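Encoded as structure tokens, the structure appears first; notes follow it.
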Amino acid sequence: MSVLPPVRRDRVIGQFPKAFRKEAALQVKDGFRDQVRTACQEQRTGTVGRFKISKVIVVGDLAVGKTCLINRFCKDAFDKNYKATIGVDFEMERFEVMGVPFSLQLWDTAGQERFKCIASTYYRGAQAIIIAFDLTDVSSLDHTRRWLEDALKENDPASALLFLVGTKKDLSSPGQYLQMEEDAVRVAQEMKAEYWAVSSLSGDGVRDFFFRVAALTFEASVLAELERSGSRRIADVVKIDSCSSNLYATPKKKQSNCCQ
Ligand SMILES: Nc1nc2c(ncn2[C@@H]2O[C@H](COP(=O)(O)OP(=O)(O)OP(=O)(O)O)[C@@H](O)[C@H]2O)c(=O)[nH]1
Ligand SMILES: [Mg+2]
């Protein structure tokens, strides 16, 4: 019997969500990969959908809007007053992707220098790293490289998915925005991150952004699971094979110990 309530209807992901800008996207294809789709249909997603919870960390300068971004998505709330995050905070979000339950743990970290050493102890084990900057403050974009460097010290650069998200879109004029987007797309390409621009005040882009984070993290988790179970199967074959060859090579009295 499941103790968890069903996943909210507005957290059900059936279609692969689109990227924000094709030129700075982690994936440009329109749908989930065939092997992931088939694994979901055949319920072969292993720990994904059962116990696995994927960790996502949100980093970036102080007051760029990390807490507001998470609160807009998780609570559909916005607070115009700034309250610095002290250390870290987290929210759980449950999704259903192609019929498979999938949970994200969203870690909101402090941008203030004095809380950074506490916050950075929570960076480890992230499947996705969201680096936030303020679209009206170019220095916050410049600092994203440093934030990424710090986050990657605690994570595997080969497997963590990176997102560069510009916040407070409502505050920039179209002209300012276009200039900033050009710079941000370039930074995202250098980092191999996916670029997004959102407004937590209006909600513009927030849901699409987190759906994309969830879908890409889900897909990467299922692929990793398939790879693990595939290599487990190969290891079993190798074990059986080496045991059977031992049967020929090993003197008779040792044969009974084989494969025990
Ligand atoms: N207009 C506008 N203001 C925003 C937006 N997002 C955040 N803010 C404001 O920016 C300020 C800082 O937001 P926070 O979310 O607390 O910033 P933070 O990045 O979590 O800051 P730290 O916890 O110190 O690292 C607050 O006053 C928010 O109301 C947005 O999309 N639009
Ligand atoms: Mg905060």
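Predicted model, so just to flag it, every value in this text is computed and none were measured. Start at 1 and go down the list; that is how both ligands and their atoms are numbered. Position 1 is the first residue of the sequence; numbering continues from there.
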Item to complete: Report the C-alpha distance between Leu104 and Phe95 in whole Å, list the side-chain angles of each, state the deciding distance to 0.1 Å, and finish with yes or no for side chain to side chain contact (heavy atoms under 4.5 Å, CB included).
Response: CA-CA 8 Å; Leu104 283 188; Phe95 297 85; 3.7 Å; yes
Any idea which protein heavy atom is nearest [atom], and the distance to it?
atom: atom 27 (O) of ligand 1; answer: Lys80 O, 2.9 Å
atom: atom 20 (O) of ligand 1; answer: Thr67 OG1, 2.8 Å
atom: atom 17 (O) of ligand 1; answer: Gly65 N, 3.2 Å
atom: atom 3 (N) of ligand 1; answer: Phe78 CZ, 3.7 Å
atom: atom 31 (O) of ligand 1; answer: Ser200 N, 2.8 Å
atom: atom 10 (O) of ligand 1; answer: Lys168 NZ, 3.2 Å
atom: atom 21 (O) of ligand 1; answer: Ala63 N, 2.9 Å
atom: atom 16 (O) of ligand 1; answer: Tyr82 CD1, 3.4 Å

Discussion item. Residue-level breakdown please: for Asp79 versus ligand 1, do any non-hydrogen atoms fall below 4.0 Å on the side chain, on the backbone, on both, or on neither?
Written reply: backbone
Worksheet item: Between Ser202 and ligand 1, which residue portion shows a heavy-atom distance shorter than 4.0 Å: side chain, backbone, both, or neither?
Response: neither
Find all atoms of ligand 1 within a distance of less than 4.0 Å from any non-hydrogen atom belonging to [X], and give their numbers and elements.
X: Asp170; answer: 1 (N), 2 (C), 30 (C), 31 (O), 32 (N)
X: Ser199; answer: 31 (O)
X: Leu201; answer: 1 (N), 30 (C), 31 (O), 32 (N)
X: Ala84; answer: 23 (O), 24 (O)
X: Val64; answer: 17 (O), 19 (O)
X: Asn81; answer: 27 (O)

Short side-chain donor-acceptor distance under 3.5 Å, [Y] and [X]:
X: Arg33; Y: Gln35; answer: no
X: Asp108; Y: Thr67; answer: yes
X: Ser202; Y: Asp204; answer: no
X: Asp142; Y: Ser139; answer: no

Using side-chain heavy atoms (C-beta onward) and a distance below 4.5 Å, is [X] in contact with [Y]?
X: Leu161; Y: Thr217; answer: yes
X: Phe163; Y: Ile129; answer: no
X: Val88; Y: Tyr123; answer: no

Has ligand 1 got any nitrogen or oxygen that is less than 3.5 angstrom from a nitrogen or oxygen of [X]?
X: Gly111; answer: yes
X: Lys66; answer: yes
X: Leu171; answer: no

Worksheet item: Within 45° of the ring axis of Phe73 and under 6.0 Å from its six-membered ring centre, is that where the NZ or CZ of Arg11 lies?
Response: yes
Worksheet item: Is the distance between the ring centroids of Tyr195 and Phe20 less than 6.0 Å?
Response: yes
Worksheet item: Quick one: angle Thr67 OG1 - the Mg ion (ligand 2) - Thr85 OG1, to the nearest 10°?
Response: 90°
Discussion item. Strictly distance-based, threshold 3.5 Å: is any side-chain N or O of Glu194 a donor or acceptor partner for the main-chain N or O of Leu26?
Written reply: yes
Practice prompt. Would you confirm whether Lys192, through its side chain, and Leu162, through its main-chain N or O, come within 3.5 Å as a donor-acceptor pair?
Written response: no
Discussion item. Counting only heavy atoms, tell me which of Ser140, Cys68, Ser172 gets closest to atom 15 (O) of ligand 1.
Written reply: Cys68
Worksheet entry | Evaluation steps, side chain to side chain contact (heavy atoms under 4.5 Å, CB included), between Phe32 and Met98 | CA-CA 9 Å; Phe32 286 97; Met98 287 188 289; 3.4 Å; yes
